[in-house]
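Step one of this worksheet: look at the structure below.
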Amino acid sequence: MSENVIHLHKPTDPPADPAAVTTLTVVPDAPPARPVPLWVRSGRAIKTGVTHEKTRAAARAAARHTSYTFNGGRIVARRAWDGRTGARYERMIRAAEAAGNLEAAEEWEERLQRFRAARHHRRMDLLHSPAEAAKGVAVGAGMSIGVLVGLGVVLAISTGQAADVITPLAATIEFIALLIRIVQVVWGPALTIGPFLALLTLWAVGRKQQAAPQWALPANVRSGEGEPITPSIVVKALRDLGIPALRTAIKDMGDAGASMLGPITIAGCGVEVDVTLPSGVSTNEVQNKRRKLAENLTRHEHEVFITIPQAARTVRLWIADSGALDEPIGPSPLVTDDTMTANYKTGRAPWGQDLRGDAAALSLYQRHLLITGLSNQGKTVALRSLALWLSLDRSVQFLMGDLKGVGDWAMFDGLASTLIQGPTDEHVIQVTEMVEGAVDEMNRRIQAPPGTVFPPLIVLVDEAQVAFMCPAKDADKRPYGGSKANSRYFMAVRKIHNQGRAVNVLMWQGTQDPTNENLPKLVREGAHTRASLALGTESQARMALGDKAVDGGAAPNLLRPGLDKGTLVVASDGITIPAGQSSITVRTHYIDDDAATAITDRAKALRDGVTTLHAIERGEERDPLADIASVVGTASRVLTQDVLKRLAALNADAYGKWSFIDLKRVLDGTGAEPYKSDGRMVVGRDRLTRALANRDGDGSASADG
């Protein structure tokens, strides 16, 4: 195998000095390769060097300092123009008019008139000033010569030399000549250095104002992390939103763009400011630019919230300190204060903190509740923390259904009257019957004498979408899920929503990913308190919170899934919401399972003992349609009131608490619905017979009575 010799030399080809050649001996496995000339390698270095970080940094520095000088000149020229003309006053007038402040506009108009009058007076004075100046120079020169001659005479008398009469005058002439020579010496260098000093001054002005493209600024200036929010920063951020009418208005206002802003106040872990938009700019245009506005303010999108206060053409900006929202809030008072109790009627549940850092507390008194959001965002913990607080009021009763069934609510065993846990259709059936039992209790309370006070009954269903989407049907072919009039779970929830509040029977639901299929519209709108964690789309946000809240700035769809766990957007009159806003963002306290168990242990100690049912106890199974037919008997029709009495006599346990609503519920959709005869509601025998025949003909089996 032959050896190969490679010559490495300096850029001269061939090398001027043979000693500059370095010999490297290698043993290749392939034929020798031709040496690559250094000028080729240098060309490649030049080709790739433009992408090197040092090259880019040098290019940014050159662009930055050039922009400083150029834009500094623009700033100085504009200042000079403002000083010589009434442009500043005109901008102030336009700004006041845009803000609708006519008094300020009139005041600036008066100032402009005074400025113009003073300027006219100065210009008229200039017409007469040359002659007056010449006279003044002549008089001053004569007086100066006279004074110098007088000094010379005094000096001559003192010295006895007649020539000393002109000595002061000659000295003055020599001093003037010296000044002229100094000016002649300095003038040349001054003419040379002067432009450079002027450019340096312009550069300094531009640098102070950071008058350069954003990409060319130094990294520490571009990032703006932790940069305080000032009026000029807010105005620039609004100007650069890409809204032509807003940009034009701010440009006409000039530096007076800050007149759009209210006071910038500290609000928790951020600041808050109201912005009055100029005419022609709508609030939703700014809302739709939330991400760009946040980036213009050197913030992330989730660190800027835009809401609509009561004032017209006004948006309220809440701007977080950089990174503040990623820091956890403190523990719940339920955990830190083991002496805390609750009061259903007058108390408020400590739920978390709002964005201002103030405690966010929720009143639960006679308010149906709905919490929704994507999976694994903290919905169960947020819902459970409210139940944990309310459990510390010994008068409150709970009926609970956990259709996830992984033990999130296990600590309420021994505290809730009913606790059903599991995701199957059978569990949905049990939960549905539990809610229907609450409806019966509600009806019993409604029929009680006026003035009767009832203890609060909280009917809580977590993962309620499982119930709405359940395909199971009962013996009468009525579906448990769905959103039709014969859906058992849907109708039970609707009944509680309609009448339960008045007798302290309340419906709490937690559900995932709201859609019309898994969270019907009537159920959504029946909740007094609606809260949402992170969602995927604006349409889901509207389903969760309603159009009014979303149009007012509520945006749970802009929360970050996985990063903003436990952060809720709440629309409710049970929580303190800033005036003019329709919702509030709450960062909820996290209470883990161990802490939740400790709280429920304290709640159990307040009670005498509660036996928790894990399934709905069913008595003798009845066939309601067949029983109705049997009590009607051979009569052609029977009054509904008599049907109810006969059913109660037939089986008091099954029908003793029935009302007309229960009777109608069973007969709806069968063809045997109650109807009016002679102005009174009756049930017809023939219709019942046909309904039973049609049902049995479809293969439905009647339950043994």
Side-chain angles (χ1 to χ4, degrees), residues 332 334-335 342 344 348-352 360-365 367-393 396-413 415-416 418-421 423 431 434-435 456-468 493 496-497 506-514 518-519 523-524 526-535 544-545 556 559 564-572 574-575 585-593 595-597 599-600 603:
S332 170
L334 289 171
V335 177
Y344 161 74
R348 288 176 176 261
W351 211 7
L362 179 68
S363 172
L364 303 173
Y365 179 63
R367 290 178 175 87
H368 301 302
L369 175 67
L370 172 65
I371 298 180
T372 186
L374 298 178
S375 177
N376 196 33
Q377 298 304 307
K379 167 181 54 61
T380 296
V381 172
L383 182 61
R384 189 176 67 183
S385 65
L386 298 177
L388 288 171
W389 176 80
L390 200 55
S391 70
L392 297 175
D393 183 341
V396 177
Q397 303 171 1
F398 292 97
L399 300 177
M400 292 185 168
D402 175 17
L403 293 178
K404 184 189 297 182
V406 295
D408 289 336
W409 298 88
M411 66 286 300
F412 282 86
D413 193 355
L415 189 60
T418 301
L419 177 60
I420 299 168
Q421 302 177 88
V431 168
M434 178 190 76
V435 179
L457 175 61
I458 306 299
V459 186
L460 189 152
V461 179
D462 195 12
E463 305 296 342
Q465 78 279 354
V466 178
F468 285 113
V493 172
I496 294 177
H497 278 176
L506 302 177
M507 192 76 209
W508 291 10
Q509 294 183 97
T511 181
Q512 292 182 15
D513 192 18
N518 61 23
L519 188 59
V523 171
R524 300 194 304 260
H528 302 100
T529 296
R530 299 166 71 172
S532 177
L533 295 111
L535 290 173
L545 299 177
L559 295 174
D564 290 325
K565 282 187 177 182
T567 300
L568 287 162
V569 181
V570 186
S572 171
I575 193 170
T585 301
V586 176
R587 303 173 69 196
T588 58
H589 296 295
Y590 175 72
I591 303 177
D592 60 26
D593 291 348
T597 301
I599 296 169
T600 53

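Quantities reported herein were computed from a predicted structural model and do not represent experimental measurements. For reference, positions follow the sequence shown, starting with 1.
With contacts defined as side-chain heavy-atom distances shorter than 4.5 Å, the pair Ile591/Val335 qualifies. The side-chain heavy atoms of Val461 and Met507, taken from C-beta on, include a pair separated by under 4.5 Å. Residues Gln421 and Asp408 are not in side-chain contact: their nearest non-hydrogen atoms beyond the backbone lie 4.5 Å or more apart. Counting heavy atoms from C-beta outward, Leu370 and Leu519 have side chains that approach closer than 4.5 Å. At least one side-chain heavy atom of Leu334 sits less than 4.5 Å from a side-chain heavy atom of Leu392.
Asp513 meets the salt bridge (charged side-chain N to carboxylate O under 4.0 Å, His left out) test with no other residue; sequence neighbours excluded. Every side chain to side chain contact (heavy atoms under 4.5 Å, CB included) that Ala531 has, sequence neighbours left out, goes to Trp351, Ile371, Leu568, Val570. The side chain to side chain contact (heavy atoms under 4.5 Å, CB included) test applied to Gln465 returns Glu463, Thr511, Gln512, Asn518, not counting sequence neighbours. Shown here are the salt bridge (charged side-chain N to carboxylate O under 4.0 Å, His left out) partners of Arg384, two or more places apart in sequence or in another chain: Asp593. For Ser572, the side-chain hydrogen bond (donor to acceptor under 3.5 Å, both in side chains) partners two or more places apart in sequence, or in a different chain, are Thr529. Under the rule for a side chain to side chain contact (heavy atoms under 4.5 Å, CB included), the partners of Ala361 that lie at least two apart in sequence or sit in another chain are Arg348. When the ring-ring contact (aromatic ring centres under 6.0 Å, His included) test is applied to Trp409, the partners found at least two apart in sequence or on another chain are Phe412. The side chain to side chain contact (heavy atoms under 4.5 Å, CB included) search around Asp564 returns His302, Leu559, Arg560, Thr567, not counting sequence neighbours. Partners of Asp402 under the salt bridge (charged side-chain N to carboxylate O under 4.0 Å, His left out) rule, at least two apart in sequence or in another chain, do not exist in this structure. Residues satisfying the side-chain hydrogen bond (donor to acceptor under 3.5 Å, both in side chains) test with Gln509, not counting sequence neighbours, are Tyr489. Looking at residues two or more places apart in sequence or on another chain, you find a ring-ring contact (aromatic ring centres under 6.0 Å, His included) between Tyr344 and Tyr365.
The OG atom of Ser391 lies 5.5 Å from the CG atom of Leu415; values are rounded to the nearest 0.5 Å. Put simply, CG on Asp413 and OG1 on Thr597 are 11.0 Å apart, with the number rounded to the nearest 0.5 Å. A distance of 12.5 Å separates OG1 of Thr588 from NZ of Lys379, quoted to the nearest 0.5 Å. The distance from atom CG of Leu399 to atom CD1 of Ile458, rounded to the nearest 0.5 Å, is 9.5 Å. How far CH2 of Trp389 is from CG of Leu362: 8.5 Å, rounded to the nearest 0.5 Å. The distance from the OG1 atom of Thr380 to the NZ atom of Lys404 is 3.5 Å, given to the nearest 0.5 Å.
Pairing each heavy atom of Leu533 with each of Gly566, the nearest pair is CD2-N, 3.6 Å. The nearest pair of heavy atoms linking His589 to Pro350 is CD2-O, 4.1 Å. The minimum heavy-atom distance linking Leu386 with Ala349 is given by the pair CD2-CB, 3.7 Å. Scanning all heavy atoms of the two residues, the minimum distance from Pro514 to Leu535 falls at CD-CD2, 3.5 Å. Of all non-hydrogen atoms in Met434 and Leu460, the two that sit nearest each other are CE-O, 4.3 Å. Looking at every heavy atom in both residues, Ala382 comes nearest to Ser385 through O-OG, 2.8 Å.
A ring-ring contact (aromatic ring centres under 6.0 Å, His included) check over residues 368-388, counting only residues at least two apart or in different chains, returns the pairs His368-His497, His368-His528.
Side-chain N or O atoms of Arg530 include one that pairs as donor or acceptor with a backbone N or O of Ala544 at under 3.5 Å.
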